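Note that the coordinates shown come from a computational prediction; the quantities given were computed from them, not determined experimentally.
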Amino acid sequence: MKQTRKEKILIVDDSELNRAILADMLGEEYDIVEAENGLEGVAILQKMGLELSLVLLDIVMPEMDGFGVLDTMNQNHWIDDIPVIMISAENGSRHIERAYELGVTDFIARPFDALIVHRRVVNTILLYAKQKKLVGMVADQIYEKERQGNLMIDILSHIVEFRNGESGLHVLHVRSLTELLLRRLSQKTDRYRLTPAEITIITTASALHDIGKIAIDENILNKPGRLTDEEFAIMKTHTTVGAEMLENLPIHQHDPLVNVAYQICRWHHERYDGRGYPDGLKGDSIPISAQVVALADVYDALTSVRVYKPPFPHEEAVQMILDGKCGTFNPLLLECLQENAEVIRSGLAADSQAQRDQREMRNIAQEMHRHEELAASERTLQLLEHERMKYSFFAAMTQEIQFEYTASPAMVTISAWGAEKLGLGETVMDPLHNESALALMDPEWIQGLSNALHSTCPDQPVVTYDCQLNLNGEKRWFRIVARATWSADEPARYTGAIGKSVDIHDSRMKLHALEQMASHDTLTGLLNHAYAKKRILERIESRPTASFALAIFDLDHFKSANDTYGHSFGDHVLSYVAEKLRQSIRGGDIAARVGGDEFLIFLEYKGDLDLVVSRIFESLCGTYEDFTISVSMGIAPTATAGCDYDMLFHSADQALYTVKRGGRGQYRFYDESMKQMLSVISPIDSGGEADAASAD
C-alpha cells in the first residue's frame, strides 16, 4: 500500500529539553527537524525551503533570536509559504504583537499543553494545505485563460499574415522583440513608468498591429514590385482601418488590451521626427507602445523574406535602422536595440514554445502576486522537490564543488560532495568572518570574489575567478565560475550567487589543468600575455562599437626588491600586486602578466575613462612589508589608438615609456604627440618589455 508522505516540522529552540518535548508530542504524525539556534534554523530553511510545512520558533536564543529568524524569512519571502508558530515563555503583549507583525500564524506559551500544541499545529498545517490546493486551482485557471487568449490572438494575426503571403512568424517575432525592448527600456529609464503588467499588455497587443491589412486587396499586399502612389495610399489605410475595427467593437471598449491595441494599430507607422502616418505625430506624442512595435516591425521586415525583397543580415538591418534609412526612432529605443543586438540575432530564429510558456508563467506569477493570501501549490512543491533531487544527483556525479551564496543572511550552502572535499559543513554562515572558511580561503581571496560578484550586473552576471585554497595543508589553485543573482526589483538588487569550483590540479581535471597552465601565469595566476591577447581580440570582434582601453604598467624600482630582499621576496611582491589588480578590476575586465614586473589591463568603459583608471592606479600603490610599491602606467583607448591589437599594445607601451621619461609613479594616456616615437623605438613581438626594462 502506498505510504502517505509525512509533513515536515522544523523546531527551532536552544533548549534541548523543549525540542524533545515537542518532538515527542508530534513525532508520530510528522517528520521533525531540529535546530538549536536561529542561525542553524535559517540554514535549514535555506536548504529545505518548501519541504517544510511548519516552523515552531522560540524567541530567546543565542546566535540569532526568533525575531531575527522572522526578519530573514520576510526578506526572503519564506514567510509567505511557510507558517510559523512562536513558542516561548515570553508572553508579554509587546512580544506577541511584534511576532504577529512579522507574520507568525499563532503563538504557544510554555509550559506546553499537549492537546493545545497538537490542535494548533494540525489546524495551521490544514489551513495552509487548503490554501495550496486553492492556489493550484487558481493557477490552472489563469494558465488556461492565458493560453486560450494567446491562442485566439495568434489565430487572428496568422489569418492576416496568411493573406499577406507570410508564414506567421512575423507576428511572433514582433511580440518577442517588443517584450525584449520594453524590458530593456524599463531598466534604462523610468520616463515611461512601464510596469510588468503594462509590458505584458503591450506585448500581447503587438500581435494585432497589422489587423487592418485584412481589408487591403491581396494584389496590393502581395505585389512583388514597387507600389504606385495610389496603391501605397491604399496600403497606408491599414492603420486607420485596424484602429476603427477596434474602436467599433460592441464590447470591451474600455479594456486596457483593446486601448493599447488601438494605439498600436493606428500609430505603429508614425515616426519620431513626425514624418510617419496617418496623423504625423512627433516624439513622445506617439504612445510608447506604438513606438516600440514600430521598431520591432521594421527590424523583422528587414531581416525577413518579402515578396519584394530578400532578407537583410542582422548587422546590416541594425545599421540601416541606426542610420535612419527606415525612418527616425526614439534614441532610447535605438540604444535598447544596440544593447540587445546579440540576443536578438541568436534568439529570433523562432519564438519557441518554451519562450511562450515562460511568458505565460510570468503572467501567472504576476496574477498570483495580486492574491497575497495564497501560498505555493502542491504541484510547485513537487516540482521543486524533483529539481532538488536532480541537482543533488548531478552534483554528486560531476564531483564538482557546487555552492549557493545568499547575501542576506550571509550564508554559503555547499553540495554534499564539495563539503566533504573541502572539510566543511554543507552550510557556512557569514563566510567573511567564519573561522573554517578563513582557514580554507585567505580573506583577500574571499573579498576578491565578493568584489567580482558585486561588480556584475543583471545583463552580465557571470564571473570566472581563479584563487588559491588551503586544502589539507596544501595551497592549490581553484577556478570558480559563478553567476550573480539579482532581484526582480527596479533597480535590481544583488542577492547572492550560484556557482561551482574546480580544482585545477585535480587528476580528474587534468585536461582543464593543462588548459589553465597554457593560459595562465604560474606565479600570479593571472592570464599570460598570449592568452590575454586572444581574449582581447575576441572581445573587440564581438563588440565592435564598444569603447575599450588597454593599460600597461610595471613596478618602479622593482629590481631593488630582488637585490635587497632576494628573488623569493620579489615573487611575493608580484603575487601581491596581482591580487591587488584582481580586486580592483570588474568581473568582465581582462588582466594579465606580460612578463617580469609588467602587467596589462583591458577594460570596457562608458563615460569618464580617467575616473576608472585613477581608481585602479591608486589601488595598486601601497606597501608590501617594508617595500614601497609604486607603479608607472600607460593607457591606450581604442578611440585614439585604434582596434588593431599590436598598435593598441605599442601605443600603451609608448605612453608608459613617456611616464618613465617624466619621472615614474604616474599614468598617461596615449595621444598623437607620442605617435612619432613609435617609429623610433623598436618594439618586441608580444610586448614592450624591452622599452620598460631599459627605462627602469
Apply side-chain contact (heavy atoms from CB on, under 4.5 Å) to the pair Leu449 and Ile480, showing each step before the final yes or no. CA-CA 9 Å; Leu449 176 58; Ile480 297 173; 3.9 Å; yes
Taking all non-hydrogen atoms of both residues into account, name the closest pair between [X] and [Y] and its distance.
| X | Y | result |
| --- | --- | --- |
| Asp279 | Glu270 | N-OE2, 2.7 Å |
| Leu102 | Ile79 | O-CG1, 4.0 Å |
| Cys326 | Val298 | CB-CG1, 3.6 Å |
| Val260 | Ala205 | CG1-CB, 3.9 Å |
| Asp255 | Leu257 | OD1-N, 2.9 Å |
| Ile635 | Ala549 | CG2-CB, 4.1 Å |

Donor-acceptor pair, distance only, cut-off 3.5 Å: does the side chain of [X] make one with the backbone of [Y]?
| X | Y | value |
| --- | --- | --- |
| Asn76 | Thr72 | yes |
| Ser455 | Gly587 | yes |
| Thr464 | Val481 | no |
| Ser415 | Gln402 | yes |
| Arg586 | Glu604 | yes |
| Thr200 | Pro196 | yes |
| Asn340 | Cys336 | yes |
| Lys534 | Leu537 | no |
| Asp644 | Met647 | yes |

We want to know whether [X] and [Y] form a side-chain donor-acceptor pair, criterion being a heavy-atom distance below 3.5 angstrom.
| X | Y | answer |
| --- | --- | --- |
| Asp589 | Tyr605 | no |
| Thr178 | Thr203 | no |
| Thr413 | Glu404 | no |
| Asp323 | Gln319 | yes |
| His173 | Tyr299 | no |

Please check if the number of heavy atoms outside [X] that lie under 6.0 Å from its [atom1] is greater than 12.
| X | atom1 | answer |
| --- | --- | --- |
| Arg275 | CZ | no |
| Gln75 | CD | yes |
| Lys325 | NZ | no |

Hey, does [Y] have a side-chain heavy atom less than 4.5 Å from the side chain of [X]?
| X | Y | value |
| --- | --- | --- |
| Ile536 | Arg539 | no |
| Leu322 | Leu334 | yes |
| Tyr192 | Leu182 | no |
| Glu247 | Tyr262 | yes |
| His269 | Asp297 | yes |
| Phe548 | Phe602 | yes |
| Leu295 | Asn330 | no |
| Gln291 | Trp267 | no |

Could you measure the distance from the [atom1] atom of [X] to the [atom2] atom of [Y]? Nearest 0.5 Å is fine.
| X | Y | atom1 | atom2 | value |
| --- | --- | --- | --- | --- |
| His77 | Ser487 | NE2 | OG | 8.5 Å |
| Glu198 | Ile202 | CD | CD1 | 6.5 Å |
| Leu180 | Arg175 | CG | CZ | 14.5 Å |
| Leu52 | Leu45 | CG | CG | 6.0 Å |
| Ile321 | Leu333 | CD1 | CG | 11.0 Å |
| Ile199 | Leu194 | CD1 | CG | 5.5 Å |

Could you go step by step and tell me if Arg183 and Glu179 meet the salt bridge (Lys or Arg N to Asp or Glu O under 4.0 Å) rule? CA-CA 6 Å; Arg183 293 197 180 280; Glu179 181 178 29; 3.4 Å; yes
Working note: Leu208 + Ile264, criterion side-chain contact (heavy atoms from CB on, under 4.5 Å); need CA distance, chi angles, decisive distance, verdict. CA-CA 8 Å; Leu208 301 172; Ile264 293 171; over 6 Å; no
Classify the angle between the aromatic ring planes of Tyr405 and Tyr494 as parallel (below 30°), tilted (30 to 60°) or perpendicular (above 60°).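 Tilted: the ring planes of Tyr405 and Tyr494 meet at 30° to 60°.
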So Cys265 and Leu246, side-chain contact (heavy atoms from CB on, under 4.5 Å) or not? Walk me through it. CA-CA 9 Å; Cys265 282; Leu246 292 168; 3.7 Å; yes
Start with the C-alpha distance between Met245 and Ile214, add both sets of side-chain angles, then the distance that settles side-chain contact (heavy atoms from CB on, under 4.5 Å), and finish with yes or no. CA-CA 11 Å; Met245 291 168 62; Ile214 203 166; 4.2 Å; yes
Determine whether the aromatic ring centres of His238 and His268 lie less than 6.0 Å apart.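 Yes, the ring centres sit under 6.0 Å apart.
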